[in-house]
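The structure under discussion appears below in the form of structure tokens.
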There are 2 protein chains.
Amino acid sequence: MTFTTSRGALTRGTLAKRAGCHIETVRYYEKIGLLAPPARSPGGHRLYREADQRRLRFILRGRELGFPIEELRSLLSMVDEHAYTCGDIQAMTLTHLTSVRDRIRDLQRLERTLSTISDRCTGGQVPDCPIIDEMLGAPA
Amino acid sequence: MTFTTSRGALTRGTLAKRAGCHIETVRYYEKIGLLAPPARSPGGHRLYREADQRRLRFILRGRELGFPIEELRSLLSMVDEHAYTCGDIQAMTLTHLTSVRDRIRDLQRLERTLSTISDRCTGGQVPDCPIIDEMLGAPA
DNA sequence: CTTGAACCTGTAGTCGCTACAGATGCGACC
DNA sequence: GGTCGCATCTGTAGCGACTACAGGTTCAAG
């Protein structure tokens with residue numbers, strides 16, 4: 001079992017498992033400066049604390065919400081310095097929400113197009129296909 | 001005016017403009033083997049024909065429909081060899097359609113989460129924010 | 001003290017382009 | 001035929017957000 005070391009520190013693998021990400025993601029976030037370089041064991045292994053786990057969870061939760069890394073970097077520094085207002089965060093979120101809605105609309109248009117053209121197919125062994133014809137010729 | 005050369009060949013820039021893509025995309029598609037290496041002028045400039053324009057349009061239309069490059073490679077070789085049935089193409093399209101629908105569902109979930117949490121904001125100069133609290137604590 | 005998993009480092013690959021630098025070609029005009 | 005300026009040529013690096021690998025070391029359990 002790999003849990004914690006003698007003084008309660010977490011290894012990289014354990015941190016990743018607990019926070020719910022790939023082990024290499026932890027190292028990646030350190031490299032790009034989202035996670036601070038942690039303490040090391042005498043042999044050079046990273047040793048994390050509970051605070052690191054909370055910070056990583058924050059980042060991962062932000063990613064799940066679709067925030068890009070650079071926005072998370074801003075969010076983290078605002079939180080670190082307690083320098084934010086609800087209005088600031090809400091504005092960032094609403095901007096982000098707009099882009100999510102745009103993406104949904106784009107995909108819905110695509111969905112309609114794809115279902116329309118595939119509905120026109122007869123299927124089976126027929127050596128002609130309206131999808132190919134559509135791609136060869138006029139746009140749908 | 002840059003249209004066609006003496007024998008009706010298209011330059012790379014003209015081809016890109018006519019087909020509707022970035023000039024560098026043409027070279028990229030050649031590099032990855034979607035477009036065949038075209039004839040060259042004595043000085044080494046690419047010279048394209050109408051058939052190249054049709055092929056490029058096919059690829060771009062496929063990209064607009066969201067097909068990944070590798071699927072377009074398959075589609076192109078099937079079309080080149082007249083070796084496809086409507087059923088084959090329809091199956092590819094339906095698989096692709098499913099993944100588009102999955103992505104829509106994921107984004108809709110995200111949209112609901114983001115609008116729910118931003119609705120809880122009071123906004124303005126308030127130094128606490130439910131969005132941040134959410135990211136620091138329990139998942140929404 | 002041995003064993004095997006976990007970790008260390010740096011780097012390359014993913015996808016689909018786009019951008020750049022530095023050199024050369026092309027065609028229009030004079 | 002000379003000059004001008006745009007277009008094109010080549011190879012390579014960068015984007016975003018990781019993930020995978022190679023080749024070596026450390027850790028901890030038995």
Side-chain angles (χ1 to χ4, degrees), chain A residues 1-35 37-48 52 56 59-74 76 96 99 103 106, chain B residues 1-35 37-48 52 56 59-74 76 96 99 103 106:
Chain A
M1 294 297 197
T2 56
F3 283 117
T4 57
T5 65
S6 49
R7 293 214 184 90
L10 303 163
T11 64
R12 179 156 62 106
T14 306
L15 176 69
K17 215 167 282 169
R18 287 202 188 175
C21 69
H22 195 285
I23 186 172
E24 290 297 273
T25 303
V26 175
R27 199 161 61 107
Y28 172 67
Y29 286 164
E30 179 183 331
K31 195 177 83 180
I32 65 171
L34 288 193
L35 291 176
R40 299 284 184 136
S41 75
H45 286 203
R46 289 170 178 82
L47 298 174
Y48 294 96
D52 296 308
L56 179 54
I59 298 167
L60 294 172
R61 185 73 188 130
R63 293 291 301 125
E64 285 165 20
L65 293 174
F67 287 104
I69 294 283
E70 288 313 309
E71 289 195 32
L72 290 176
R73 196 190 296 282
S74 307
L76 282 165
H96 176 46
S99 84
R103 272 191 288 157
D106 289 348
Chain B
M1 296 295 197
T2 55
F3 283 117
T4 59
T5 65
S6 49
R7 293 214 185 90
L10 303 163
T11 64
R12 179 157 62 106
T14 307
L15 176 70
K17 217 167 280 171
R18 287 202 189 175
C21 68
H22 195 284
I23 186 172
E24 291 296 274
T25 304
V26 174
R27 198 160 63 106
Y28 172 67
Y29 285 163
E30 179 184 331
K31 194 176 84 181
I32 65 172
L34 289 193
L35 292 176
R40 298 284 184 136
S41 74
H45 285 203
R46 290 169 178 81
L47 299 175
Y48 294 97
D52 296 308
L56 179 54
I59 297 166
L60 294 172
R61 184 75 187 128
R63 293 291 302 128
E64 286 164 20
L65 292 174
F67 286 105
I69 294 283
E70 287 314 310
E71 289 194 33
L72 290 175
R73 195 190 298 282
S74 308
L76 282 164
H96 175 47
S99 84
R103 272 190 289 155
D106 289 348

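The chains referred to below are lettered A, B, ... by the order of the sequence lines, with proteins before strands, and numbering in each begins at 1.
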Just to confirm, is there a sub-4.0 Å distance from OP1 or OP2 of [N] to any side-chain nitrogen or oxygen of [X]?
X	N	answer
Y29(B)	dC17(C)	yes
H22(A)	dA20(D)	yes
S41(B)	dC26(C)	yes
T11(B)	dT8(D)	yes

What integer distance in Å separates [X]:[atom1] from [N]:[atom2]?
X	N	atom1	atom2	value
E70(B)	dC17(C)	CD	C1'	14 Å
E24(B)	dC20(C)	CD	P	11 Å
R12(A)	dT25(D)	CZ	P	17 Å
I32(A)	dG10(C)	CD1	P	16 Å
L47(B)	dC9(D)	CG	C1'	13 Å
L56(A)	dC18(D)	CG	P	10 Å
E64(A)	dA17(D)	CD	P	15 Å
Y28(A)	dT11(C)	OH	P	17 Å

Can you work out whether G44(B) or K31(B) has the more 5'-proximal nearest nucleotide on DNA chain D?
G44(B)

Answer with base, sugar-phosphate or nothing: what part of the nucleic acid does [X] contact at a heavy-atom distance below 4.0 Å?
X	answer
F67(A)	nothing
R46(B)	sugar-phosphate
I23(B)	sugar-phosphate

Is there a donor and acceptor pair closer than 3.5 Å between the side chain of R40(B) and the base of dG25(C)?
no

Check: dG10(C) base within 3.5 Å donor-acceptor of R27(A) side chain
yes

Nearest nucleotide by nearest heavy atom, which residue falls closer to the 5' end of DNA chain C, I69(B) or G43(A)?
G43(A)

Let me know, please, whether H45(B) or L60(B) comes out on the 5' side of the other along DNA chain C by nearest nucleotide.
L60(B)

[atom1] of [X] to [atom2] of [Y]: how many Å apart, nearest 0.5 Å?
X	Y	atom1	atom2	result
L10(B)	L15(B)	CG	CG	6.0 Å
Y48(A)	T14(A)	OH	OG1	11.0 Å
R63(A)	F67(A)	CZ	CZ	11.0 Å

The side chain of T25(A) lies closest to which of these nucleotides: dG16(C), dC18(D), dT10(D)?
dC18(D)

Pairwise side-chain contact, H45(B) with R12(B), heavy-atom cut-off 4.5 Å (strictly under)
no

Which heavy atom of P38(B) sits nearest to which heavy atom of E30(B), and what is that distance?
CD-OE1, 3.5 Å

Take I23(B) and K17(B) through the side-chain contact (heavy atoms from CB on, under 4.5 Å) test and state the conclusion after the steps.
CA-CA 8 Å; I23(B) 186 172; K17(B) 217 167 280 171; over 6 Å; no

